[in-house]
There are 2 protein chains.
Amino acid sequence: MNRKEKVTIYDISKKLDISAATVSRALNQNPKISKKTRELVAKTAKEMNYKQNRLAQALKSGRTNNVGVIVPYINRSFFSSVIRGIEEELNPHGYHVIICQSHEEVKNEIKQLNALLNTQIDGIFMSVSKTTQNTDHVKKALAENTPLIFFDRKIETPGVSSVVLDDFKAGFMATEHLIQEGCKKIAHLSGDINLEIYKNRYEGYIAALEKYGLNHNPEHVILTNSKIESGQQAVVRLWECEEKPDAIFSAGDYAALGAIQELKRRNIKIPEEVCVVGFSNEPFTKYMELPITSMDQTPQLMGKIAAQVFLEQVKENLAVSIEKKVVLSPELFVRESSGRSILKTAANKALL
Amino acid sequence: MNRKEKVTIYDISKKLDISAATVSRALNQNPKISKKTRELVAKTAKEMNYKQNRLAQALKSGRTNNVGVIVPYINRSFFSSVIRGIEEELNPHGYHVIICQSHEEVKNEIKQLNALLNTQIDGIFMSVSKTTQNTDHVKKALAENTPLIFFDRKIETPGVSSVVLDDFKAGFMATEHLIQEGCKKIAHLSGDINLEIYKNRYEGYIAALEKYGLNHNPEHVILTNSKIESGQQAVVRLWECEEKPDAIFSAGDYAALGAIQELKRRNIKIPEEVCVVGFSNEPFTKYMELPITSMDQTPQLMGKIAAQVFLEQVKENLAVSIEKKVVLSPELFVRESSGRSILKTAANKALL
DNA sequence: TTGTATGCGTTATCAT
DNA sequence: ATGATAACGCATACAA
C-alpha cells in the first residue's frame, strides 16, 4: 500500500454500472450524454473525490496544458513581473505555468529545457542566460514542434518568435535625457555585449552621443555585471581617467546603485556633479533615499504579449510555424539621481 | 501533421529489429542486457534524437519526479532563496521543481494545489498565503498520499511536516537587541496575526519587554502589511500617540523601510533618536544609504532542510507518514539603523 | 539475455 | 445515448 490509491473513471463506472467511456464523456460535457447520466456522474465523481489524472489525459491527447518559463533568476523584479504577465494571460485558457531558473548558466538552461521537453510541455518562454552562446538546444525544441518564444534576451534563431524591448531606443533615450540635463561627458556601464540587449543599449548610447555631437571616449565604457560591486569598481576605474565623467548611464539598476554608493563615498554630489541613470526600474530604485532614474521595460506587458503570441501559435495548429517579432517601447522614469530640474522639490522632501 | 512526431522506443526497436522491451531495458541500464545491445541502443537513440516521454513513464510508475512549490510571491528574496535551496538539494536526486505563486490569495493557492495534484506531483512544498484560514485543501493532498511540507508559514495540520523559523525567538532577540541599545519605548509593526509567524514574532516581542521590565503600550503595536506605505502610515499613527516610541521593531523589511522614510521626513534621527529593526534580511536592507538592521531567516538552509525532509519521507515508502517538525534559529544582522555602537565608523563611511 | 503480453488512466473510434 | 475496444509510450512480470 505504498502507492497512492486514486479514484479513476473505472471506479465510477463500476459503481454506477455504466461504461467508463460514458463516464469520460459525461465528465467532458459531451452533448450526446443524457442530462440525467451527466448529472449522476458529476455527483458521484464529487462524492468519490475523483480527480482527473492529467498525466493520462496528456499522454492520450498529446497536450499537457502546461507551459514552461526559463529565466536566469526569478527574484529579479523584471523577470517575476514578466512571469506574472504570462500567468495572467494564460491561466484563463487553462494553462499552468512551470517556472525554471538557469542561474545564468547555459548548462542549467539546457537541463531545464530538456526536462521541460521531456514532461511534454505545450510551449516554452525563455530569456537566455548570459553564458548562452548559441541556440542549438533551442533548435531541438523546434525540431519537436514545441512552440518557443524568446522574451527580452533573445538570440536570433529562425522560426522563433520573440517579444523584446527596443533596447537601442532605450539606450538612446537614457543618454539623450542626460544630455538634456546638461551632461557632456557621459560614461556607460555596459552589460555583457554577448547579449543583444546590452549591445543595443550600448549602440543607442553611442548614437545619442553622435546625434548631439558629443565625442565618445572609449575609456568611459566599462563592462559590468548585475552586481552592486561591479558598479562601485566601475566608478573607481572611471575616476582614474584623465577626463572624469559628468554622468553615468548604467545598463542595469544594481550597477547604477553601486556606482552611486561609490560616488557618495567620494563625496561627489548627485545629480549636481554627476547624473546617474539605471535600467530596469527595479522597485528599489524608487524608494532609495536618492531615488534613481531608471528605464522601465514594461515587463508585465511583455509577458502578456509573449503569452498572446503563444496562443496564436497553438491556435493555428498547422505545421506552419509563424514567426512573430514584437518590439516594445521603453519608458524613462526620471528621478532625483538625474533630475536636476526636479531637484529643489526633491530636496524639500528628502531633507538630507 | 499538426501533432508532434516523437521518436519512441518502438521506432528504435524496429530499426534495430529487437523488441521494445529490450530497448527500454537497455535505456534504463538494466544489467541483464548485454553491453553490446546496450551501447547499440544508446547510440541509435541519440542518432534518432530519442527523448524519453516522462508522461508515459510517470503514468506507468506512478512517480513524476516533479515536486511543486507554492509560495505567495516568487520575487521576494526570502522565497526565492528557499526555492533555490530546495532546487539544490533535489536536483541531484533527479527531481524537477515546479514553482507556483498564490499572490497571497487562498483561491489561487487552492487552484495551484489542485493543478499540481492533477499533474501527479511527487510532493509539495508550501508556504501558506495570508488569506488562508484553514487547511482543508491541504488535507486533500494528504488524502491522496502526496507528501506535503510546510515551510516558514504553516497552519498546524496533523500529518504535515514543517520547517520553520523560531519566530518567537526572533521577536525576542530583535526586541532584546533594541533594549540593549538603550531603547525603552519599543513599538512593534506587526504582520497579520492570522499567520503563526507574525503571532510568534509579536509574542517574542512581548516576552522580551516583560523580561526586562518594560511596560507594554498597546498603542505601540500597529498592524502592517508588507508594503512600504503601511510602514509610513504606522509611523504617522505612532507619532500621534501621547508617548512617542524610541524604537521600532518591524515584522517585515518593507514596513521597516517605510517607517524609516517617514521618520526621515519628520527629521527624526536614526538611530540616535529612534532605532529600527526589520525582518527577513532582504538584500536592499544592506545596501540602503542607511543600512537596516534585520533578522535573517536562513532561507536557503530552510529550503535545503525541507527538501531533506521530503526525501526521507519518500524513501520510507510506507503508509506511515512521518511527521517532522524542524525549527531553525534566526540570526540578527545589526546595521546602522539600530547600531548606535557602530555609528561612528558608519558615519565615516556614509558621509551624510 | 531477450521477447511477449499487459496495464497505467484517458479518450476516440466504431459499434449498437 | 451508450458500450466495447484500441491506443497514447513506457516498464515489467512472466516466458523462453
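Proteins get letters first, then strands, A, B, ... in listed order; numbering begins at 1 in each. As the structure is a computational prediction, the values presented were derived from the model and not from experiment.
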- Measure from CD on B:Gln120 to P on C:dT10 and round the result to the nearest Å. 9 Å
- D:dT2 phosphate, OP1 or OP2: any side-chain N/O from A:Ser34 under 4.0 angstrom? yes
- Does A:Thr8 have a side-chain nitrogen or oxygen under 4.0 Å from the phosphate oxygens OP1 or OP2 of C:dG9? no
- May I have the distance from A:Gln29 (atom CD) to C:dA12 (atom P), rounded to whole angstrom? 14 Å
- Task: Evaluate the side-chain proximity of A:Lys111 to A:His137: yes if any heavy-atom separation is below 4.5 Å, no if none is.
- Result: no
- Separation of D:dC8 atom P from A:Arg63 atom CZ, nearest Å, is 18 Å
- Message: Just to verify, what does B:Arg54 make a salt bridge (charged side-chain N to carboxylate O under 4.0 Å, His left out) with, not counting sequence neighbours?
- Response: none
- Check A:Glu104, A:Glu196, A:Glu109 against A:Arg153 for a salt bridge (Lys or Arg N to Asp or Glu O under 4.0 Å) and give me the one that passes. A:Glu104
- Given protein heavy atoms under 4.0 Å, the one-letter contact record of nucleotides 11-16 of chain D, with B base, S sugar-phosphate only and - none, is simply BBB---
- Item | Whole-Å distance separating the CE atom of A:Met48 from the P atom of C:dG9 | 13 Å
- Query: So, the side chain of B:Ser129 versus the backbone of B:Pro72: is there a donor-acceptor pair under 3.5 Å, distance only?
  - Reply: no
- Item | Nearest non-hydrogen partners of B:Gln120 and A:Asn53, listed with the distance | CG-OD1, 3.5 Å
- Query: Hey, are B:Arg84 and B:Glu89 close enough for a salt bridge, meaning a charged N less than 4.0 Å from a carboxylate O?
  - Reply: no
- Task: Starting at atom CG of A:Asn30, determine the distance to atom P of D:dT2, rounded to an integer number of angstrom.
- Result: 10 Å
- Just how far, in rounded Å, is P of D:dC8 from CG of B:Leu59? 14 Å
- Compute the bend angle of the helix from C:dT1-D:dA16 to C:dT16-D:dA1 from the end axes (five pairs per end), rounded to 10°. 40°
- Item | Heavy-atom pair of closest approach, residues B:Val309 and B:Ser161 | CG1-CB, 3.8 Å
- Query: Quick one: are B:Thr157 and B:Lys139 in side-chain contact, heavy atoms under 4.5 Å?
  - Reply: yes
- Task: Specify the separation, in whole Å, of atom CG of B:Asp17 and atom C1' of C:dT4.
- Result: 15 Å
- Separation of C:dC8 P from B:Asn53 CG (nearest whole Å): 18 Å
- Task: Give one of base, sugar-phosphate or nothing for A:Lys35, where a contact means two heavy atoms less than 4.0 Å apart.
- Result: nothing
- Is B:Lys43 paired with B:Glu47 through a side-chain N to carboxylate O contact shorter than 4.0 Å? yes
- Name the nucleic acid region contacted by A:Ile18, choosing base, sugar-phosphate or nothing; use a 4.0 angstrom heavy-atom cut-off, strictly under. sugar-phosphate
